[in-house]
Each structure stands twice: as structure tokens, then as C-alpha cells.
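Scope of the values below: all heavy atoms of this structure, side chains included, with no hydrogens, waters or symmetry mates. Note that the coordinates shown come from a computational prediction; the quantities given were computed from them, not determined experimentally.
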Amino acid sequence: MSVRLADVIEALDEAYPPSLAQSWDSVGLVCGDPGDALESVTIAVDATPAVVDEVPERGLLLAHHPLLLRGVDTVAASTPKGALVHRLIRTGRSLFTAHTNADSASPGVSDALAEALGLTVEGVLEPLAAAGDLDKWVIYVPHENADAVREAVFAAGAGHIGDYSHCSWSVSGIGQFLPHEGASPAVGSVGSVERVAEDRFEVVAPARARGAVLAAMRAAHPYEEPAFDIFALVAPPGDAGLGRIGTLARPEPLRSFVSRVGAALPPTSWGVRAAGDPDAPVSRVAVCGGAGDSLLAAAAGAGVQAYVTADLRHHPADEHRRASDVALVDVAHWASEFPWCEQAAGMLRARFGEALPVRVCTIRTDPWELAYEGGGDQQ
């Protein structure tokens with residue numbers, strides 16, 4: 001079976017939907033012809049010259065970090081990144097990026113980190129806000145006109161829930177109004193309080209159909225001034241979002257947990273740093289692959305004893321420790337995201353089997369290469 005690049009892109013977009021990417025991010029196909037046959041996939045955190053050298057001809061490099069992100073106005077071969085793009089294209093190799101969409105997907109980068117640390121994932125640290133793309137309409141209409149108004153808003157796009165259409169809920173009641181001078185009531189007369197047997201019915205509709213639903217409702221409604229409400233709906237949080245919350249099989253002291261983190265992740269000059277009581281028990285942990293100090297407040301309120309992430313800066317970490325008992329475990333950015341490579345590889349292997357060789361590049365692309373431990377007492 002021949003596997004096309006387009007087939008792999010489809011699988012990657014299903015696993016790591018582009019819609020989950022941050023607005024500033026650049027994800028998807030960087031170079032390559034979707035119609036070309038693909039002979040292999042190599043997965044890495046970064047697209048560096050050494051990593052590109054390991055990608056066979058007519059192979060795909062799946063990278064977590066974008067090669068081309070901000071302010072790109074040239075891919076000339078005389079530039080470092082442009083030279084890489086030219087090398088890829090000349091040999092029929094392609095490049096695809098899954099970045100913040102892989103961070104938020106389920107399973108994604110933080111799931112892989114949690115699994116590497118022996119955690120059982122129980123929830124999302126910062127769930128993605130559900131897209132506000134649905135409205136709930138509440139419409140009041142005389143009972144004898146309710147079916148006509150309902151059918152009108154259905155025809156305008158309302159009433160769809162999953163695989164069902166014409167969905168609504170209704171209840172009967174009494175509507176009351178007093179027409180004033182200038183009104184032209186369909187029921188009742190100016191100056192007299194009128195009470196009418198009405199139905200209140202509710203439907204959902206896409207927010208983009210708001211204008212069409214409003215026009216259809218007004219056209220079918222007998223009243224000069226129909227009574228209605230529109231509520232923008234927020235769906236309950238799902239399993240997509242940044243970071244994860246997980247539990248250990250049994251509690252262990254922070255010092256032991258830090259050792260666990262160090263043993264589970266590939267070694268780097270950055271190592272593993274921690275802030276907290278070494279003897280404090282740890283059983284429930286928040287993790288975020290990549291830079292995670294933006295989630296310090298979420299971790300502080302998540303009911304965890306420790307938070308594992310990367311790139312923690314001095315001042316945010318200091319402020320967190322002053323206000324919270326949640327221990328901090330800081331690792332190298334690259335190391336925190338490297339477990340995702342094997343997760344992505346497993347997904348592709350399950351999808352394409354022996355028809356598509358998939359390997360994880362083990363080259364350490366962490367930019368920090370040397371470390372110096374000063375003298376004095378070591379903890």
C-alpha cells in the first residue's frame with residue numbers, strides 16, 4: 001500500500017486539530033507536495049540541520065516546534081532556516097509542524113509527559129474555552145402560531161443537535177402586554193391590558209445564523225414586537241486544553257518525586273530543579289509540557305502538591321512560592337516535550353502499520369549544552 005503525504009496530514013490533523021492551535025502559532029505543512037508518495041516519517045521536537053540529516057529522502061519530518069514562525073519574509077538558501085527548507089525540497093523531503101495544537105490535543109504533549117512520569121491523568125489543568133458558536137433562542141408566541149414560527153426558525157438553521165434536527169422544547173403560559181399609542185397590535189387594542197395563551201419554546205442555533213433566525217422568526221411571528229431572548233452558550237469543558245492533572249499510584253516525598261522526574265526524562269544540562277519541602281508527600285501532580293509559568297495560578301488552585309513544567313522564570317516562581325504550597329519542578333523545555341515524539345509515532349504506526357516506517361529522532365536539540373555546578377554544600 002502506498003501512503004501519500006496527504007494521508008499522513010489527514011491523520012495528523014485528526015490527532016492534533018489545527019483549530020486547537022493558538023492564534024499566533026504556525027502549524028501544518030511547511031514544505032512538501034501532499035500528492036507525493038511518502039516513504040517514512042521521522043519525529044523530533046525541533047527541525048535542526050542534524051535532525052534533517054537523519055530524515056531519509058522522500059521522508060517526512062514531523063516537528064513539534066515551528067521552523068518558520070514570526071516575521072518570516074524569506075526562505076533564501078543564504079539564511080539558516082531557508083537553507084534547511086531548500087535541503088528538504090531538493091531531496092523530496094517534507095516538513096510538517098504540530099505545535100500548540102499538539103499541546104492542547106487529547107492525547108497530546110502533556111499527556112505524554114504525564115505518562116512518562118507514571119501519572120494517571122484525571123483532568124485538564126486549563127481546559128480550552130469552548131467556542132461560543134451556539135445560541136439558545138427563547139421565543140414567546142401565541143399557541144396557535146407556535147408551529148409556524150418553529151418551522152420558520154428550523155428552516156433558517158435552528159434546532160440541530162448532533163445528528164438530530166427540528167429539536168425544541170416548549171411550555172405553555174400566559175403572556176401579558178399593554179399596547180400604547182402608536183402600536184398596531186395583532187391581538188388586543190391600544191389602552192387595554194391583554195392576556196394571551198402563549199407557548200414559550202426554546203431552540204439552539206449556530207451564532208453565525210443569528211441574523212437569518214431573527215429574520216425568519218419576525219416574518220412568521222404574528223406580533224408587531226415579538227418577545228424573545230438570545231443566550232450565547234458555553235459548552236462544558238472537554239478533554240482538550242493545556243496541561244494535565246494526574247495522580248501517582250502511591251504518595252512519595254518530593255525528593256523522591258524529583259528523582260522520578262530526572263530518571264523519566266532524557267538528560268540535559270538544565271537538569272531538574274525543584275522548589276518545595278523535600279519531605280512533603282506528593283500524590284497529585286499538575287504537568288505542562290513546554291513553558292508553563294502562565295499556568296502557575298491554575299496549578300495553585302488545582303488541588304495538587306507539585307507542578308512539573310519547563311522554563312520557569314525567577315519572579316513568577318518566587319511569587320508562586322510565596323502564595324502557594326504547591327512545589328515546583330522545573331525541567332528543560334526540550335526534555336518536557338520529547339515524550340510526545342513517541343506518542344505521535346505510536347499514533348502513526350497504529351494508523352499505517354508496516355506500510356509506513358516511523359522513527360523518533362533521538363538527537364538532543366536542547367540549545368543548552370554545558371552546565372557548571374559551583375562549589376559549596378549541595379542539597
Side-chain angles (χ1 to χ4, degrees), residues 5 8 12 15-16 25-32 38-69 75 77 79-103 107-113 115-117 261-272 288-291 308-311 330-349 352 356-372:
L5 175 57
V8 176
L12 291 170
Y16 313 115
D25 202 6
S26 177
V27 300
L29 188 63
V30 178
C31 65
L38 196 62
E39 296 186 3
S40 68
V41 177
T42 302
I43 305 174
V45 175
D46 300 283
T48 66
V51 170
V52 169
D53 285 341
E54 289 205 354
V55 180
E57 292 190 7
R58 292 176 294 281
L60 167 67
L61 172 57
L62 168 60
H64 179 51
H65 290 150
L67 176 66
L68 308 175
L69 184 57
V75 289
T79 64
K81 292 185 176 182
L84 276 184
V85 173
H86 280 260
R87 285 171 57 189
L88 289 163
I89 293 174
R90 284 174 183 147
T91 53
R93 291 176 284 184
S94 47
L95 173 61
F96 188 95
T97 297
H99 189 209
T100 54
N101 49 331
D103 289 336
V109 171
S110 291
D111 295 282
L113 175 59
E115 181 179 358
L117 302 184
V261 174
L265 299 181
T268 62
S269 63
W270 186 276
V272 179
C288 178
V308 182
T309 189
D311 297 343
D330 185 40
V331 303
H333 190 120
W334 172 81
S336 73
E337 295 176 331
F338 182 73
W340 169 79
C341 296
E342 190 57 49
Q343 178 199 86
M347 180 275 294
L348 291 174
R349 289 172 185 142
F352 298 103
L356 184 67
V358 179
R359 63 179 291 271
V360 172
C361 177
T362 58
I363 294 175
R364 187 180 72 180
T365 58
D366 184 73
W368 306 106
E369 298 171 343
L370 298 175
Y372 170 73

Peer 1: Going through the checks in order, is the side chain to side chain contact (heavy atoms under 4.5 Å, CB included) test met by Ser26 and Thr97?
Peer 2: CA-CA 8 Å; Ser26 177; Thr97 297; over 6 Å; no
Peer 1: Please examine the side chains of Cys341 and Thr362, heavy atoms only from C-beta on, and report whether any two atoms are closer than 4.5 Å.
Peer 2: no
Peer 1: Let me confirm one number: the CD-SG distance from Glu337 to Cys288, rounded to the nearest 0.5 Å.
Peer 2: 8.5 Å
Peer 1: Who passes salt bridge (Lys or Arg N to Asp or Glu O under 4.0 Å) against Asp111, sequence neighbours left out?
Peer 2: Arg244
Peer 1: Please enumerate all residues that pass salt bridge (Lys or Arg N to Asp or Glu O under 4.0 Å) together with Arg93, with sequence neighbours excluded.
Peer 2: none
Peer 1: Tell me every residue that passes salt bridge (Lys or Arg N to Asp or Glu O under 4.0 Å) with Asp103, counting only those two or more places apart in sequence or in another chain.
Peer 2: none
Peer 1: If I compare all heavy atoms of Ala345 with all of Val360, which pair ends up nearest, and what's the gap?
Peer 2: CB-CG2, 3.9 Å
Peer 1: Using atom types as modelled and distance alone, determine if a side-chain donor or acceptor of Arg58 lies under 3.5 Å from a backbone N or O of Thr91.
Peer 2: no
Peer 1: So, taking the atom named CG in Leu348 and the one named CG in Leu62, what distance separates them when rounded to the nearest 0.5 Å?
Peer 2: 7.0 Å
Peer 1: Does any N or O in the side chain of Ser336 come within less than 3.5 Å of the main-chain N or O of Gly290, such that one atom is a donor and the other an acceptor?
Peer 2: yes
Peer 1: To the nearest 0.5 Å, tell me how far Glu39 CD sits from Leu5 CG.
Peer 2: 12.5 Å
Peer 1: Mark yes or no for whether His86, through its side chain, and Val75, through its backbone, hold a donor-acceptor pair below 3.5 Å.
Peer 2: yes
Peer 1: OH of Tyr16 to CH2 of Trp340: how many Å apart, nearest 0.5 Å?
Peer 2: 5.5 Å
Peer 1: Would you check if Val358 and Ser40 make a side-chain contact, meaning some heavy-atom pair closer than 4.5 Å?
Peer 2: no
Peer 1: Is there a donor-acceptor pair under 3.5 Å between the side chain of Asp366 and the backbone N or O of Trp368?
Peer 2: yes
Peer 1: Using 0.5 Å steps for rounding, measure from the CG atom of Asp53 to the CD1 atom of Ile363.
Peer 2: 7.5 Å
Peer 1: Going by the rule ring-ring contact (aromatic ring centres under 6.0 Å, His included), which residues pair with Trp334 if we only count those two or more places apart in sequence or in a different chain?
Peer 2: Phe338
Peer 1: Do the side chain of Thr309 and the main chain of Ala291 share a donor and acceptor less than 3.5 angstrom apart?
Peer 2: no
Peer 1: Atom NE2 of His99 and atom CG of Leu69: how far apart are they, to the nearest 0.5 Å?
Peer 2: 7.5 Å
Peer 1: Taking the side chain as every heavy atom from C-beta outward, state whether Met347 and Leu12 have any atom pair closer than 4.5 Å.
Peer 2: yes
Peer 1: Can you find a heavy atom in the side chain of Val52 that is under 4.5 Å from one in the side chain of Leu88?
Peer 2: yes
Peer 1: Applying ring-ring contact (aromatic ring centres under 6.0 Å, His included), can you list everything that pairs with His333, at least two apart in sequence or on another chain?
Peer 2: His65
Peer 1: Residues in salt bridge (Lys or Arg N to Asp or Glu O under 4.0 Å) with Glu54, at least two apart?
Peer 2: Arg359
Peer 1: Is it true that atom CD of Glu115 has more than 12 heavy atoms of other residues, nucleotides or ligands lying nearer than 6.0 Å?
Peer 2: no
